[in-house]
Number of protein chains: 2
Amino acid sequence: MPIPITVDLVLATVADNRLQVLLGRRAGRGFGGRRWALPGRFLGPDDELATTARELLADVAGGRGGQLEQLATVGPVGGVVSIAYVALVAGAPSSRTGDRWHEVEEILADPARLALDHGRIIAAAAERVRTRLEHTAAAAALCPPAFTVTRLREVYEAVWGVRLDPANFHRKLAAAGVLEPTGDRAEGHTGRPPALYRADPSTPIHPAIVRDNLR
Amino acid sequence: MPIPITVDLVLATVADNRLQVLLGRRAGRGFGGRRWALPGRFLGPDDELATTARELLADVAGGRGGQLEQLATVGPVGGVVSIAYVALVAGAPSSRTGDRWHEVEEILADPARLALDHGRIIAAAAERVRTRLEHTAAAAALCPPAFTVTRLREVYEAVWGVRLDPANFHRKLAAAGVLEPTGDRAEGHTGRPPALYRADPSTPIHPAIVRDNLR
DNA sequence: TCAAAAGTGTTGACTCTACACCCATGT
DNA sequence: ACATGGGTGTAGAGTCAACACTTTTGA
């Protein structure tokens, strides 16, 4: 039963107030000419899944990025079984030439530009990221190491596609205990200078932030 | 890269007010003598994952059981990559000789009796089932086709290991619109005969039932 | 008539949304 | 001074846990 296995990575970030994922050009068998595809690598007989995924992340994101999480396994498509992971990163440029950020919404509007069924994987990843933000401080992984509450809220608004009340958002996150003050304040803003915070992306938020209250 | 792949199934039920899973005896390479293991089968080059999982479920549960869901992929352990699925079934006897129901709590207390790292898979499955009950009517899949609200509540109490207020539970499930009355009432009970209901296990429950209020 | 379990009403505590308002800085 | 965005206070609405209470049957 010699089925090749790949570990594929959905590396997500927020830029331009949009959820984006990193894709590369791939040519060759199964990739139908030249299509965009998730970065991935084949799994060898002596490779642990988690280790392979971490190495792939380090390779693709240049050592940055955390919050690696297994998403789903699909296949065989084109004779290959694909094990997909999701990771969040704070808008870093790619370390590999040829890789480019793509807006998730654009991709899902025209999934045919993607190789294999990477469109479905990306759709599942986006949904996973959305629910992840409801229950944990994972949004902090999409921000620089020190960030303002407004920046964090903009990440939520980008990922969820909603507007959130700044006042209530601030209070909620503070009450959940995810915001650790750095003591510094951000510069270069108009108005009152906002405080800078750190946060552990794995901190649970309880009760969860509900996403169904648009304004 | 010839890594063999198995599709493994965590078939769960509630019996004796305990969450139980179906295990079989396995001998041979990688199974360390004779240990208990999840039912599974190898994936062939022409087998779709979802199809294979459905066939495995039909084989193991004798055509009953629904709500098949992919759980996680682990490995390679013992040179094999394992793709695990979860399914819920209403306390059916196994159709395969040698398979037996085991209480999850007992298994997790002594995972060494299990082959490979099936203990970890079962732990993940139990947690998945718990959160599934919070957000959907999946508990109905653990009940007969027509059931009383009390029976449904007992499923929750078994899976979560908590006591729930009968009055509030009834109201909550009714308000969520998951209970479709059959018009019949159960017999053989002491006290007022309870109404029988149907439910679609995939119905979302919104807002979710919270599990953190013990009594 | 009594026991038992189903199902309904009700109340106080809590949470959330919406929005008014104050704070601190650049221009 | 004033515009601008950060951050806090607060009132009304809604939700939930707890528990009293009514309903409906078997014994």
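Atoms considered below: every heavy atom in the structure, side chains included; atoms not considered: hydrogens, waters and symmetry mates. Chain letters run A, B, ... following the sequence lines, proteins first, then strands; residues in each count from 1.
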Nearest whole angstrom, please: distance from the [atom2] of [N] to the [atom1] of [X].
X         : N       : atom1 : atom2 : result
Lys172(A) : dT8(D)  : NZ    : C1'   : 18 Å
His170(B) : dG9(C)  : NE2   : C1'   : 14 Å
His206(A) : dT15(C) : NE2   : P     : 11 Å
Leu196(B) : dG7(C)  : CG    : P     : 9 Å
Asp165(B) : dT10(C) : CG    : P     : 17 Å
Arg163(A) : dA18(C) : CZ    : P     : 13 Å
Leu152(B) : dA6(C)  : CG    : P     : 13 Å
Phe169(A) : dC16(C) : CZ    : P     : 14 Å

Discussion item. Once you apply a heavy-atom cut-off of 4.0 Å, does Thr148(A) come out as touching a base, just sugar-phosphate, or nothing?
Written reply: nothing

Worksheet item: How about Asp16(A): does its CG atom have over 12 heavy atoms from other parts shown lying under 6.0 Å from it?
Response: no

Would you tabulate the nitrogen or oxygen pairs shorter than 3.5 Å linking the protein to nucleotides 10-12 of chain D?
unit_1: dT10(D); atom_1: O4; unit_2: Arg171(A); atom_2: NH1; d: 3.4

On a heavy-atom basis, which atom in [X] and which in [Y] lie closest, and how many Å separate them?
X         : Y         : value
Gly24(A)  : Asp99(A)  : CA-OD1, 3.4 Å
Gln70(A)  : Leu49(A)  : NE2-CD1, 4.2 Å
Trp160(B) : Arg130(B) : NE1-O, 3.1 Å

Worksheet entry | Lys/Arg-Asp/Glu bridge criterion (N-O < 4.0 Å) met for Asp59(A), Arg41(A) | yes

Is [Y] close to [X] at the side-chain level, that is, under 4.5 Å between some pair of heavy atoms?
X         : Y         : answer
Tyr156(B) : Ile209(B) : yes
Thr73(B)  : Ile5(B)   : no
Glu69(A)  : Arg132(A) : yes

Worksheet item: Given dT17(C), dG7(C), dG6(D), which nucleotide is nearest the side-chain atoms of Arg153(A)?
Response: dG6(D)

Discussion item. Between Leu38(B) and Tyr85(B), does the side-chain contact (heavy atoms from CB on, under 4.5 Å) criterion hold? Intermediate values first, please.
Written reply: CA-CA 10 Å; Leu38(B) 296 171; Tyr85(B) 283 76; over 6 Å; no

Worksheet item: Which residues in residues 173-195 of chain B have at least one heavy atom lying under 4.0 Å from any atom of DNA chain C?
Response: Thr190(B), Gly191(B), Arg192(B), Pro194(B), Ala195(B)

